[in-house]
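Heavy atoms only: backbone and side chains are in, while hydrogens, waters and symmetry mates are out.
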Amino acid sequence: MGSIVEPWVTAENGNATAKGSNRELRHGRTAHNMSSSSLRKKSDLRLIQKVPCKTLKNILSNFQEVILGTKLTLLFLAIPLAILANSYHYGRPLIFGLSLIGLTPLAERVSFLTEQLAFYTGPTVGGLLNATCGNATELIIAILALANNKVAVVKYSLLGSILSNLLLVLGTSLFCGGIANIRREQRFDRKQADVNFFLLLMGLLCHLLPLLLKYAATGEVSTSLINNMSLNLSRTSSIVMLIAYIAYLIFQLWTHRQLFEAQEDDDDDAYDDEVTVEETPVIGFWSGFAWLVGMTLVIALLSEYVVATIEEASDSWGLSVGFISIILLPIVGNAAEHAGAIIFAFKNKLDISLGVALGSATQISLFVVPLSVIVAWIMGIKMDLNFNILETSSLALAIIITAFTLQDGTSHYMKGLVLLLCYVIIAACFFVDQIPQKQPNGTIVGIQPKNNPGSGFFSA
C-alpha cells in the first residue's frame, strides 16, 4: 500500500512534545476535522510491530488504522452484505438499507484520510482537499441520480442535507450541550456563523428567484417559456454561487483563517493529551491516497445502489421518495459527522459543533447544489434551482430560525429544543406529502422503470 509512518515510533517520541505546543500543532485543523476525530479510537500496534516482514507490517498497520481505527468498524460489514444482496438479487429495499448503513463509516473515514494527507500537503492544500471531499457522499449520490435522470431525488437529497445540518445536527448539539452544561453558560464566536448565514441567504435568493418567476408570469406566458427562463436563470445563478464558494474558500483558508480554526481551551488537559497523539500522521502519503481513492469508489458503488433502489424502498416501506431523500438519506449518510458535532457540544466546544453544521450546510448550498446544476447542464438534463414552494419555504424558514437562534452568541438547551421541534414539523410535513414529483422527462418519481442496481457505472 505504500510507505507508512510507524505510529509506535511517534508514540515513543510523543512524550517529548510539550503541552504548550499543542495549539501550534493544531494550526489549520478545521471544525470538521475535529468533529470526525471524536469517533476515532487509538490503535494498539504492539502485535503488528513484531511482524518480521516489513511489507506485511505496513499492510496490517494500514488496515488497523483505516478500518479498525474507528468506533464505527462494525458498520463496515454492511458493505459486503450490500454487494452480496445485489449479486444474489435479494430484496431491493434490503439493498437500499444496507447501502445506507455502509455509507456511514465511509464518510467518516474519508474525513480521516483527508486529514492524514493534510500532514504532507500542508493546512491550505489539506483544507482544499477537505472542502472537496467533505460532502463526497452527497455529491456522488447527486451525480449518479442525474445519470439516471432522477432530478427530483437530487433536489430532495441536497435540500435534506441542508435542513438536517441547520436544524437536526445544530439543534441536537445545542440541546445536548445545554443539558450537559445546564449550570454553565455556553458561548461561541458569532463571526464564523455570520459569514455562513450571509452565504446561505445568498443561496436562498438563488432558489427563490426561479420559483418567483413562475408566479410573476401572467396567463399569456406559456409554461415552456417560463421553464426556459427559470432554467437559464438557474444556470447563471449556479455559476455565481460557485464563484461565491471559491471566494469563501479564499476567505476561510487564506485571508481570515483564524475565524475558522477549531479552538480549544488551554486548561483542557485531558483533551490536549488525546490530541497530542493524533498530531502526527499514522499512514504514509501514498497509502492514504490509495485508501482515499478506494473508499471513494466504494461510496460510488453504494450510492448507485441507493439511487437505483430508492423507489422500491419507498413502495415497500410505505414512505414517499421525498421523505426518504430529505430525511433518511441525510441522517444516515452523515451520522458519523453529526455524532462528532454532538460529542463536542457535550464538551462545551460549541465553535466546533457550529463549524460542522453551518460549514457543511454552506458547502452543500454553494458548492454541491450549483455544481449539480452545471453537471446536469453538461449531461443535457434540465435541472433548475426551483425546488418548489414547499421545499423552498422550508429552507427559508430553517435559515431564518437558525440565524435568530444564534444571534446573541450564547446557547442553552431551549434553543436546541426549538430547532429540533422545527425539524420534526418539517419531517412530518414531508411524511404526509404524497404528491408525486415530475421529472424533466415527464416520468413520475416512484414509478419509473426499474433498473438493476448494478446496471450503471459498476455493471459487470
Side-chain angles (χ1 to χ4, degrees), residues 19-20 22-39 127 162-201 248 251-253 255-275 337-363 397-423:
K19 275 185 185 179
N22 285 344
R23 190 167 299 279
E24 286 74 18
L25 289 171
R26 286 192 295 266
H27 182 73
R29 295 190 76 187
T30 64
H32 186 276
N33 296 138
M34 298 296 296
S35 174
S36 298
S37 67
S38 64
L39 292 175
I162 300 174
L163 292 177
S164 68
N165 276 291
L166 291 179
L167 299 178
L168 178 62
V169 181
L170 192 55
T172 307
S173 298
L174 297 183
F175 178 76
C176 294
I179 294 295
N181 302 273
I182 198 165
R183 300 187 183 280
R184 182 178 178 184
E185 185 181 42
Q186 290 192 291
R187 305 189 68 87
F188 55 86
D189 189 354
R190 281 186 51 202
K191 298 186 185 73
Q192 179 185 163
D194 288 344
V195 173
N196 284 292
F197 280 121
F198 295 153
L199 294 170
L200 286 171
L201 287 172
Y248 171 62
F251 184 85
Q252 181 184 26
L253 299 176
T255 63
H256 290 72
R257 175 184 287 172
Q258 70 279 2
L259 297 181
F260 297 89
E261 288 176 355
Q263 302 294 328
E264 287 81 46
D265 298 330
D266 291 329
D267 58 348
D268 197 347
D269 293 339
Y271 186 73
D272 280 348
D273 290 340
E274 178 184 344
V275 170
E337 180 180 309
H338 297 176
I342 295 168
I343 289 172
F344 276 101
F346 270 112
K347 297 179 180 180
N348 199 25
K349 299 179 185 297
L350 285 186
D351 285 323
I352 298 177
S353 299
L354 264 65
V356 171
L358 298 181
S360 184
T362 302
Q363 187 177 43
L397 292 173
I399 294 173
I400 293 171
I401 291 170
T402 307
F404 274 108
T405 300
L406 303 178
Q407 65 179 339
D408 62 351
T410 64
S411 176
H412 45 74
Y413 73 88
M414 193 63 196
K415 290 185 176 182
L417 180 61
V418 170
L419 292 181
L420 278 175
L421 294 178
C422 289
Y423 187 77

Answer whether the closest heavy-atom distance between the side chains of N348 and R184 falls below 4.5 Å.
yes
Test of understanding: with side chain to side chain donor-acceptor pair (under 3.5 Å), list the residues that count as partners of T362, not counting sequence neighbours.
N196
So salt bridge (charged side-chain N to carboxylate O under 4.0 Å, His left out) across residues 411-423, not counting sequence neighbours, yields D408-K415
Looking at NZ of K347 and CG of L350, how far apart are the two atoms once the value is rounded to the nearest 0.5 Å?
13.5 Å
Shortest non-hydrogen contact between S353 and A341, atoms and distance
OG-O, 2.6 Å
May I ask you to decide if D189's main-chain N or O and D351's side chain share a donor-acceptor pair within less than 3.5 Å?
yes
Which pair of heavy atoms, one from N165 and one from A361, lies closest together, and at what distance?
CB-CB, 4.0 Å
Are the side chains of L419 and Y423 in contact, using a 4.5 Å heavy-atom criterion?
no
The reported gap from CD1 in I179 to CZ in F175 (rounded to nearest 0.5 angstrom) is 4.5 Å
Taking only residues two or more places apart in sequence or in another chain, which ones pass side chain to side chain donor-acceptor pair (under 3.5 Å) with R187?
E185
Within-4.5 Å side-chain heavy-atom neighbours: L406 and F188:
yes
Could you go through V418 and T405, starting from their C-alpha distance and side-chain angles, then the distance that decides it, and tell me whether this counts as side chain to side chain contact (heavy atoms under 4.5 Å, CB included)?
CA-CA 9 Å; V418 170; T405 300; 5.6 Å; no
Taking the side chain as every heavy atom from C-beta outward, state whether L200 and L166 have any atom pair closer than 4.5 Å.
yes
Could you check L170 against L354 for side chain to side chain contact (heavy atoms under 4.5 Å, CB included), going step by step and ending with a plain yes or no?
CA-CA 7 Å; L170 192 55; L354 264 65; 3.6 Å; yes
Can you measure from SG (C422) to CG (L167) and round to the nearest 0.5 angstrom?
6.5 Å
Any idea which heavy atoms bring A180 and F346 closest together, and the distance?
CB-CD2, 3.3 Å
After noting the C-alpha distance and the side-chain angles of L168 and L420, does the key distance pass the side chain to side chain contact (heavy atoms under 4.5 Å, CB included) rule?
CA-CA 6 Å; L168 178 62; L420 278 175; 3.8 Å; yes
Measuring from I399:CD1 to L199:CG, what's the distance to the nearest 0.5 Å?
10.5 Å
